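This one's a predicted model, so the numbers in the text were calculated from it and none came from an experiment.
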Protein chains: 2
Amino acid sequence: MVKNHELIKFGLRVRELRLLKGLSQEDLADLADLHRTYIGGIERGERNVAFLNIVRLAKALEIPLSDLMKGVD
Amino acid sequence: MVKNHELIKFGLRVRELRLLKGLSQEDLADLADLHRTYIGGIERGERNVAFLNIVRLAKALEIPLSDLMKGVD
DNA sequence: ATGAGTCTACAGCCTATGAGTAGCAATTCC
DNA sequence: GGAATTGCTACTCATAGGCTGTAGACTCAT
């Protein structure tokens, strides 16, 4: 398992934005066309997400990529 | 080969920032502890870079992640 | 002009790991 | 106590990571 500090921060950022929109992990998964448990893994900082999936998340959360990264670094 | 539109934009962004600092691909590769040809592949939009390598690039380029993503989406 | 040095593009390759899923336990909230 | 949500383990398959080697463009000195 990965468990890197930056990944954890990114995961928390995703969770924060998801809850802000009142979505469940499954809701977000559907919107981003990703799997429920995969979203869970991201939020826990256990997944080293590749760029194109980060883009999917940003689109699903309806925010620019740069905003998604805000607060991560 | 990948060749996705978002990846191309990201690659161009990396190139733009690299040249702004007057670095060669090899210079950036050394700074980010990545391989020379890998950097080339990223700039050509042929690599679906994972999060932790995006972080490395941002640090090597001495800019926040959010700035690196700026202009990509 | 030619040879050396620098920089980049690109094809190909192997292995390490990301992507995606299933199943069940734990938790939270009616 | 039932339903919805999330945590977590484990697994396969696809692909990202990292590298080698070759070739072309360009600069500059000899």
Check: Does the side chain of Ile42(A) reach to within under 4.5 Å of the side chain of Phe51(B), using non-hydrogen atoms?
Finding: no

Point to revise | Side-chain touch Leu34(B)/Arg56(B), heavy atoms, less than 4.5 angstrom | key: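 Yes, close enough: below the 4.5 Å cut-off.
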
>> Which residues pass the salt bridge (Lys or Arg N to Asp or Glu O under 4.0 Å) test with Glu16(A), not counting sequence neighbours?
In response: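 With neighbours one apart ignored, the set is Arg13(A).
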
Counting only side-chain N and O atoms of Tyr38(A), is one of them less than 4.0 Å from OP1 or OP2 of dG20(C)?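 Negative; the distance criterion is not met.
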
**Asked** Looking only at side-chain N and O atoms, does Asn53(B) come under 4.0 Å of OP1 or OP2 in dG17(D)?
**Response** yes

Rounded to the Å, how far apart are [X] [atom1] and [N] [atom2]?
X        : N       : atom1 : atom2 : value
His35(A) : dA14(D) : NE2   : C1'   : 17 Å
Asn4(B)  : dA19(C) : CG    : C1'   : 16 Å
Glu43(A) : dG7(D)  : CD    : P     : 7 Å
Phe51(A) : dA16(D) : CZ    : C1'   : 14 Å
Leu28(A) : dA4(D)  : CG    : C1'   : 17 Å
Ile8(B)  : dA9(C)  : CD1   : C1'   : 15 Å
Leu12(B) : dA9(C)  : CG    : C1'   : 15 Å

Checking Leu68(B), Val49(B), Ile54(B) against Val14(B) for side-chain contact (heavy atoms from CB on, under 4.5 Å), the one that qualifies is Leu68(B)

Would you indicate which nucleotide in dC10(C), dG18(D), dT8(C) comes nearest to any side-chain atom of Glu46(B)?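 Out of dC10(C), dG18(D), dT8(C), the nucleotide with an atom closest to Glu46(B)'s side chain is dC10(C).
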
Which of dA9(C), dG18(D), dG7(D) is nearest the side chain of Arg56(B)? It is dG18(D)

Tracing side-chain contacts under 4.5 Å among Ile, Leu, Val, Met, Phe, Trp and Tyr outward from Ile8(A) reaches Leu12(A)

Item checked: Nonpolar side-chain network containing Leu19(B), other nodes, edges under 4.5 Å ->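 The other cluster members (ILVMFWY side chains, heavy atoms under 4.5 Å, direct or chained): none.
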
Filtered N/O pairs between nucleotides 25-30 of chain C and protein, under 3.5 Å:
none

Residues of residues 13-27 of chain A with a heavy atom under 4.0 Å from any atom of DNA chain D, listed by number, are Arg15(A), Arg18(A), Ser24(A), Gln25(A)

Is it true that a side-chain atom of Lys70(A) and a backbone atom of Ser66(B) form a donor plus acceptor pair closer than 3.5 Å? no

Distances for protein N/O vs nucleotides 13-16 of chain C N/O pairs under 3.5 angstrom?
none

DNA chain C nearest-nucleotide lookup for Thr37(B) and Ala50(B): closer to the 5′ end is Thr37(B)

